[in-house]
Amino acid sequence: MSEEVYHIPVLLKETVDGLNIQPDGVYVDVTFGGGGHSREILSRLGAGGKLFAFDQDKDAHENALDDPRFQLLPYNFRFLKRYLRFYNVKKVDGILGDFGVSSHQFDVAERGFSTRFDADLDMRMDQSAVLSAKEVVNTYEEIDLRRMLSQYGELRSAPKMARLIVAARVDAPIETTGRLKEVIAPCLERRKEHKILAQVYQAIRIEVNQEIQVLKEFLEQTEEVLEEGGRLSLISYHSLEDRLVKRYIRNGMFEGEPEKDMFGNVEVPFKKVGGLVIPDEEEIIRNSRARSAKLRVAERLK
């Protein structure tokens, strides 16, 4: 499957530039997908360089690159440190992450990621995982549905949506995206229907794939895995992820503030490199899914 069909890489040059590639360095692409970012990294590596890539979605493995410097690991990037150590790698020079859903996942109807199709409620990035959108919608208590829709979808109508879902599933399970849309129809304002549905899908997808917890676990490992002077180059697509990335780069923690020493100084693991990078109009025209992308780059301190 070609990269262009599977997924158009977002902020390709900017993200790989952010890694400050050393020809003989060791790098990690934790969201391989269609392989666009990985190809660009390999194009800048010398014969002694090495690239490891992670992707738990078996569909992405069809895009594996035939290059002796490349190794694709079929795992979730929350296990970054564990599987790098399996290959006797304790430190790397740069880590790239693009946390969006791939174009392929959106475009394959039966994966259940897109509001455009009536399909089974699935939304699993790892298709061997037990928890799917169907289980979430049909088994979660009302209070948990409300929390999910409010926290991950940032929906003001979360309480009403949760009540509608719980009431509807008494008669029959809610098994398809079309049926879910029918159930929550009273909450879909005519002019905002697409936006609200996208927020609902986002909330369920984050819950199914534990995306916030996975991102936190990953970020905490980068501090240990990156060499001094090594780079993080990370693309987020919604405010929940971007806030976590921004705070971790700034403070090395997700809540609170780092402690100051007796001189008022704080010790943090990273320093940011440059400012926030977003796609220009030309890229958004070429790839509409890039419009919400935010790139942040950081360097590992001592």
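No hydrogens, no waters, no symmetry mates; every other heavy atom, side chains included, goes into these values. Keep in mind that this is a model prediction, so the values were computed, not measured.
Judged by distance alone, with hydrogens and angles left aside, the side-chain atoms of H37 form a donor-acceptor pair with the main-chain N or O of V10 at under 3.5 Å. Using a distance-only test at 3.5 Å, with no hydrogens or angles considered, no donor-acceptor pair links the side chain of N251 to the main chain of M253. Counting only distance, with no hydrogens or angles, the side chain of R231 and the backbone of A298 share no donor-acceptor pair below 3.5 Å. A distance-only check finds a donor-acceptor pair linking the side chain of S132 to the backbone of K134 [under 3.5 Å]. In this structure a side-chain-to-backbone donor-acceptor pair under 3.5 Å is missing from S150 to R146. Side-chain atoms of T176 come within 3.5 Å of backbone atoms of R179 as a donor-acceptor pair (strictly under, hydrogens ignored). Side-chain N or O atoms of N209 include one that pairs as donor or acceptor with a backbone N or O of M125 at under 3.5 Å. A donor-acceptor pair under 3.5 Å links the side-chain atoms of R69 to the main chain of L45, judged by distance alone. T15 contributes a side-chain N or O that, together with a main-chain N or O of L11, makes up a donor-acceptor pair within less than 3.5 Å. With T222 contributing its side chain and L219 its backbone, the two residues share a donor-acceptor pair below 3.5 Å.
Side-chain N/O atoms of Y237 and D98 include a donor and acceptor closer than 3.5 Å. Using a 3.5 Å distance cut-off with no hydrogens or angles, the side chains of E223 and Y248 do pair a donor with an acceptor. Checked by atom type, the side-chain pair S239/E154 shows a donor-acceptor distance below 3.5 Å. No hydrogens or angles considered: a donor-acceptor pair under 3.5 Å links the side chains of E207 and Y140.
Looking at heavy atoms from C-beta onward, Q22 lies in side-chain contact with N20 at the 4.5 angstrom threshold. At a threshold of 4.5 Å between non-hydrogen side-chain atoms, the residues P23 and R44 do not count as touching. M148 has its side chain out of reach of M161: every pair of non-hydrogen atoms, C-beta onward, lies at least 4.5 Å apart. Counting heavy atoms from C-beta on, the side chains of D55 and T31 never come closer than 4.5 Å. No side-chain heavy atom of F79 sits less than 4.5 Å from a side-chain heavy atom of L73. Counting heavy atoms from C-beta outward, L215 and R78 have side chains that stay 4.5 Å or more apart. With contacts defined as side-chain heavy-atom distances shorter than 4.5 Å, the pair I235/K294 does not qualify. Residues V89 and V92 form a side-chain contact, since some pair of their non-hydrogen atoms from C-beta on lies under 4.5 Å apart.
Each of E217, E211, Q210, K216 was checked for a side-chain hydrogen bond (donor to acceptor under 3.5 Å, both in side chains) with Q213, and the lone residue meeting it is E217. A side-chain contact (heavy atoms from CB on, under 4.5 Å) with V183 is found for exactly one of I174, V166, V137, namely I174.
Aromatic ring centres of F52 and Y87: separated by under 6.0 Å. Checked against the 6.0 Å centroid criterion, the rings of F32 and F70 qualify as a close aromatic pair.
Put simply, CG on D122 and CD1 on I204 are 12.0 Å apart, with the number rounded to the nearest 0.5 Å. Separation of atoms CD1 (I95) and CG (L80) is listed at 5.0 Å; rounding is to 0.5 Å. Here the straight-line distance linking atom CD of Q202 with atom CD1 of I206 works out to 4.5 Å at 0.5 Å rounding. Rounding to the nearest 0.5 Å gives a distance of 6.5 Å between CG of D144 and CD of E141. Distance check: C187 SG to K192 NZ gives 13.0 Å after rounding to the nearest 0.5 Å. Distance check: R205 CZ to R124 CZ gives 15.5 Å after rounding to the nearest 0.5 Å.
Look at D29 and R39 and you find no salt bridge, because none of the NZ, NE, NH1 or NH2 atoms lies under 4.0 Å from a carboxylate O. Under a 4.0 Å N-O distance rule, the pair R296/D242 qualifies as a salt bridge. With respect to the salt-bridge test (charged N to carboxylate O, under 4.0 angstrom), the residues E283 and R291 do not qualify. A salt bridge is defined here as a Lys NZ or Arg NE, NH1 or NH2 lying under 4.0 Å from an Asp or Glu carboxylate O, and E224 with R85 meets this definition. Between E228 and K302, none of the side-chain N atoms (NZ, or NE/NH1/NH2) sits under 4.0 Å from a carboxylate O, so this pair counts as no salt bridge.
At most 12 non-hydrogen atoms from other residues, nucleotides or ligands lie less than 6.0 angstrom from CZ of R156. The number of heavy atoms from other shown groups lying within 6.0 Å of NZ (K91) is above 12. Heavy atoms from other residues, nucleotides or ligands lying under 6.0 Å from CG of L240 number more than 12. Within a 6.0 Å sphere centred on CD of E267, other residues, nucleotides and ligands contribute 12 heavy atoms or fewer.
For S38 against A53, the heavy-atom pair with the smallest separation is OG-CB, 4.1 Å. Of all heavy-atom pairs between G25 and D93, the closest is CA-OD2, 3.2 Å. Taking all atoms of both residues into account, the shortest heavy-atom contact from I184 to L164 is CA-CD1, 4.2 Å. Closest non-hydrogen pair, A203 versus G153, comes out as CB-N, 3.5 Å. In terms of heavy-atom proximity, G18 sits nearest to S233 at CA-OG, 4.2 Å. A pairwise comparison of heavy atoms in I196 and E189 identifies CD1-N, 3.8 Å as the closest pair.
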| field | Working for side-chain contact (heavy atoms from CB on, under 4.5 Å), residues I41 and I21 | value | CA-CA 8 Å; I41 292 171; I21 299 284; 3.9 Å; yes

| request: Could you go through the side-chain contact (heavy atoms from CB on, under 4.5 Å) check for K272 and V297 one step at a time? | output: CA-CA 6 Å; K272 71 174 184 176; V297 178; over 6 Å; no

| message | Determine whether L96 and V28 satisfy the following criterion, side-chain contact (heavy atoms from CB on, under 4.5 Å), listing intermediate values before the conclusion. | response | CA-CA 6 Å; L96 181 150; V28 186; over 6 Å; no

| Stepwise side-chain contact (heavy atoms from CB on, under 4.5 Å) check, R247 with E257 | CA-CA 9 Å; R247 282 189 62 82; E257 297 294 328; 4.2 Å; yes

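L155 and I143 are not part of a single hydrophobic cluster, where members link through side-chain heavy atoms under 4.5 Å apart. Hydrophobic clustering (ILVMFWY, side-chain heavy atoms < 4.5 Å, transitive): Y83 and F77 are in one cluster. Note: the hydrophobic cluster containing V30 also contains F86 (ILVMFWY, side chain heavy atoms under 4.5 Å, direct or indirect links). In terms of hydrophobic clustering, with Ile, Leu, Val, Met, Phe, Trp and Tyr side chains grouped at heavy-atom distances under 4.5 Å, V266 and I249 are assigned to different clusters. Hydrophobic clustering, with ILVMFWY side chains joined whenever heavy atoms are under 4.5 angstrom apart, groups L145 together with L131.
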